[in-house]
Amino acid sequence: MAKKIKITNNIRRLRFFSDEMTQQQLAEKAGISRQTVMAVEAGKYSPSLELAFLIADAFGVPIGEVFAYEKGEDL
Amino acid sequence: MSYQEKKTGISMFMGVLILIAYCIYAFGQVRSGAADFNDLKFFSATMMIFIGIGIAAMIVIQVLFHIALSVSVAVKEKCGDDKKIGKAIEANMVEDEMDKLIELKSGKIGFALIGAGFIAGLITLLFNCPPAVMLNILYLSFGVGSLAGGAMSIYYYRKGV
């Protein structure tokens, strides 16, 4: 049976360690809107693999450092 | 409020205005006796006119909205550098995968309502209602469907997808 997974992220922490990069700056670097950065950071939107790579690339870190997942209950 | 939310809100506002204007005009004409309720030609002509007005008004409103957005960005940036302002405006208007997903999801709801309106229109014919009833239900369901789609877009932007 499929497991429900929860995707967590370290975007806020990574922004802090990137000279307190603003959401707008991250959005510009990744080529997405600030609205999307806000939603991903708040866990309201799970990005596609492509977008996840773009965000990781904007920080210059591997994708696993930005996103992680927690296994949940069966669906 | 993001650019996309504002854009959707303005489109919804225009949609409501056009819908209200149509109802006031078309049913006002029928009530005053200037047009017959069974006159399909009158309703189809009125609907086409209002669709045209809607498209023209939407274009004008979007142009005005972009001008207002550019001015507000220029004021925020507090500089006269056109390149910087242009870049900031572009950054505001970026459309990415989340926007597309929201558009798709809210569009589905809009289409469902339009479909429901079509079924409701067919049912009115089954009950021997005048064809003008069906035509009006169809027209109004298009309006309501697009409004519901817009409302869902704003909901998804606020609550997440």
Side-chain angles (χ1 to χ4, degrees), chain A residues 2-15 18-64 66-73 75, chain B residues 1-13 62 65-66 68-79 81-109 149-161:
Chain A
K3 293 258 187 199
K4 194 178 179 182
I5 62 164
K6 191 184 171 209
I7 295 174
T8 57
N9 68 78
N10 295 314
I11 293 177
R12 180 70 195 94
R13 190 177 61 80
L14 287 163
R15 281 201 300 114
S18 304
D19 281 339
E20 197 60 76
M21 183 194 283
T22 63
Q23 289 178 331
Q24 185 64 52
Q25 285 167 335
L26 174 59
E28 280 169 27
K29 271 191 158 187
I32 55 177
S33 66
R34 194 175 78 89
Q35 184 86 11
T36 303
V37 172
M38 280 165 62
V40 173
E41 194 177 302
K44 288 179 179 174
Y45 174 62
S46 296
S48 68
L49 196 54
E50 193 185 347
L51 181 54
F53 272 114
L54 282 173
I55 292 172
D57 190 49
F59 288 118
V61 295
I63 196 167
V66 187
F67 296 99
Y69 78 93
E70 293 165 7
K71 274 183 191 167
E73 298 147 16
L75 281 175
Chain B
M1 204 183 241
S2 73
Y3 163 78
Q4 300 293 347
E5 279 176 87
K6 283 177 198 162
K7 200 173 132 190
T8 309
I10 286 171
S11 299
M12 280 175 69
F13 178 69
Q62 294 292 342
F65 171 64
H66 281 96
L69 181 82
S70 308
V71 171
S72 73
V73 168
V75 169
K76 254 188 210 170
E77 291 288 321
K78 286 177 187 161
C79 71
D81 189 358
D82 284 351
K83 264 190 182 175
K84 211 174 172 185
I85 293 168
K87 210 178 158 192
I89 293 167
E90 249 177 53
N92 263 303
M93 289 165 58
V94 169
E95 205 179 80
D96 56 27
E97 62 170 48
M98 193 175 93
D99 298 313
K100 282 175 191 148
L101 184 65
I102 288 176
E103 200 181 315
L104 203 71
K105 280 191 165 191
S106 52
K108 256 185 182 179
I109 288 153
M152 283 313 291
S153 287
I154 291 176
Y155 173 81
Y156 284 133
Y157 276 117
R158 291 279 162 99
K159 296 281 171 191
V161 196

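Numbers restart at 1 for each chain; the letters A, B, ... are given by sequence-line order, proteins then strands.
- Contact annotation for B:E5: only side-chain heavy atoms (C-beta onward) come within less than 4.5 Å of a heavy atom of chain A.
- Counting non-hydrogen atoms of neighbouring residues, nucleotides and ligands closer than 6.0 angstrom, the CZ atom of A:R34 reaches no more than 12 such neighbours.
- Atom-to-atom distance recorded for B:E95:CD and A:S33:OG is 9.0 Å, nearest 0.5 angstrom.
- Open room surrounds CD on A:E50; 12 or fewer heavy atoms of other groups in view lie less than 6.0 Å from it.
- Note that CG of B:D96 and OH of A:Y45 are 7.0 Å apart. Values are rounded to the nearest 0.5 Å.
- Interface remark: A:Q24 contributes side-chain atoms only to the contact with chain B (heavy atom separation under 4.5 Å).
- For the atom pair CD of B:E97 and OG1 of A:T36, the computed distance is 7.5 Å after rounding to the nearest 0.5 Å.
- The environment of B:F65 atom CZ is dense: over 12 non-hydrogen atoms of other residues, nucleotides or ligands sit within 6.0 angstrom.
- Using a 4.5 Å cut-off between heavy atoms, B:Y157 touches chain A through backbone and side chain atoms alike.
- Looking at A:Q35, the atoms closer than 4.5 Å to chain B (heavy atoms on both sides) sit in the backbone and in the side chain alike.
- Put simply, the side chain of B:K159 never gets that close to the backbone of A:K44: no donor and acceptor are under 3.5 Å apart.
- Separation of atoms CE (B:M98) and OG (A:S48) is listed at 12.5 Å; rounding is to 0.5 Å.
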